[in-house]
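This chain uses plain numbering: 1 for the first residue, then up along the sequence. What you see is a predicted model, and the numbers here were worked out from it, not measured in a lab.
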Amino acid sequence: MKVLTIREPWASLIGKHIKLIETRSWPTKYRGELYIHAGLAPIPKNDPRIKALSNDFINDLHFGTIFLKCTLANCIQITEEFANKVRSESPQNYLWGDYAYGRYAWILTDVQYIDPIKAKGHLSIWNYTPQKNK
């Protein structure tokens, strides 16, 4: 399983189909099935966007679990034109990402919940191998 760790609440926003573009400082050539792992790091309370989330949403986060499966459909370098397009066509995606020019937009499709799997996160795209019962 190819997995990407994303900090909460951003990971759960993907599950709710509110955020379907993950912005990163680095590109990837990988395309295909990708699982989303919610990291253990606490919510960045100093981020002003957090105030836009309800308490019910905040109380339903998935820290430390792989809980989503999706398709990484594309990776696009962010230009002024691309950022403006996202801002006008998908304000929610724009709000929850970092669209600084030169960064990368990872386009996620076919997002669906899976039975949660407790796991430790890693940097970059990483491989998860289920543990066999002993």
Which pairs of donor and acceptor atoms, one on a side chain in residues 9-18, lie under 3.5 Å apart (sequence neighbours left out)?
| unit_1 | atom_1 | unit_2 | atom_2 | d |
| --- | --- | --- | --- | --- |
| Ser12 | OG | Glu8 | OE1 | 3.0 |
| Ser12 | OG | Glu8 | OE2 | 2.8 |
| His17 | NE2 | Val111 | O | 3.3 |

Check residues 68-76 and write down every donor-acceptor pair under 3.5 Å in which the side-chain atom is one partner and the other belongs to a residue at least two apart or another chain.
| unit_1 | atom_1 | unit_2 | atom_2 | d |
| --- | --- | --- | --- | --- |
| Thr71 | OG1 | Asp110 | OD2 | 3.3 |

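Residues Leu61 and Phe67 are not in side-chain contact: their nearest non-hydrogen atoms beyond the backbone lie 4.5 Å or more apart. At least one side-chain heavy atom of Leu4 sits less than 4.5 Å from a side-chain heavy atom of Glu22. Looking only at side-chain heavy atoms (C-beta outward), Val86 and Ile21 come within less than 4.5 Å of each other. For the pair Tyr35 and Trp126, the minimum side-chain heavy-atom distance is 4.5 Å or more.
Nearest heavy-atom pair, Arg7 versus Ala41, reported as atom, atom and distance to 0.1 Å: NE-CB, 3.6 Å. Residue Ile78 comes nearest to Ala105 through the heavy atom pair CG1-N, 3.9 Å, listed as atom of the first residue, atom of the second, then distance.
In this structure Leu95 satisfies the side chain to side chain contact (heavy atoms under 4.5 Å, CB included) test together with Arg49, Gln92, sequence neighbours excluded. With sequence neighbours excluded, no residue forms a salt bridge (Lys or Arg N to Asp or Glu O under 4.0 Å) with Lys120. Shown here are the ring-ring contact (aromatic ring centres under 6.0 Å, His included) partners of Tyr99, two or more places apart in sequence or in another chain: Tyr94. Listed by chain and number, the residues in a side chain to side chain donor-acceptor pair (under 3.5 Å) with Asn127 are Lys2 (sequence neighbours excluded). Take Thr28 and apply the side chain to side chain donor-acceptor pair (under 3.5 Å) test, not counting sequence neighbours, and it matches no residue.
No path of Ile, Leu, Val, Met, Phe, Trp and Tyr side chains, each step under 4.5 Å between heavy atoms, connects Tyr128 with Tyr30, placing them in separate hydrophobic clusters. Ile117 and Leu40 fall into different hydrophobic clusters, where Ile, Leu, Val, Met, Phe, Trp and Tyr are joined by side-chain heavy atoms under 4.5 Å apart, directly or via other members. Using a 4.5 Å cut-off between side-chain heavy atoms of Ile, Leu, Val, Met, Phe, Trp and Tyr, with links allowed through other members, Ile114 and Val3 fall into the same hydrophobic cluster. Put simply, Tyr104 and Ile125 are part of the same group of oily side chains (I, L, V, M, F, W, Y) that touch within less than 4.5 Å, one to the next. When hydrophobic clusters are built by joining Ile, Leu, Val, Met, Phe, Trp and Tyr residues whose side-chain heavy atoms come closer than 4.5 Å, directly or via intermediates, Tyr113 is grouped together with Ile6.
Screening residues 72-98 for salt bridge (charged side-chain N to carboxylate O under 4.0 Å, His left out) gives Asp98-Arg103 as the qualifying pairs, with residues at least two apart or on separate chains.
The CD1 atom of Ile107 lies 8.0 Å from the CG atom of Asn93; values are rounded to the nearest 0.5 Å.
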*Under the side chain to side chain contact (heavy atoms under 4.5 Å, CB included) criterion, do Ile66 and Met1 qualify, and how do the steps go?*
CA-CA 10 Å; Ile66 299 168; Met1 292 171 49; 4.1 Å; yes

_If you apply the rule side chain to side chain contact (heavy atoms under 4.5 Å, CB included), what do you find for Trp106 with Trp26, and how did you get there?_
CA-CA 10 Å; Trp106 294 25; Trp26 49 280; 3.2 Å; yes

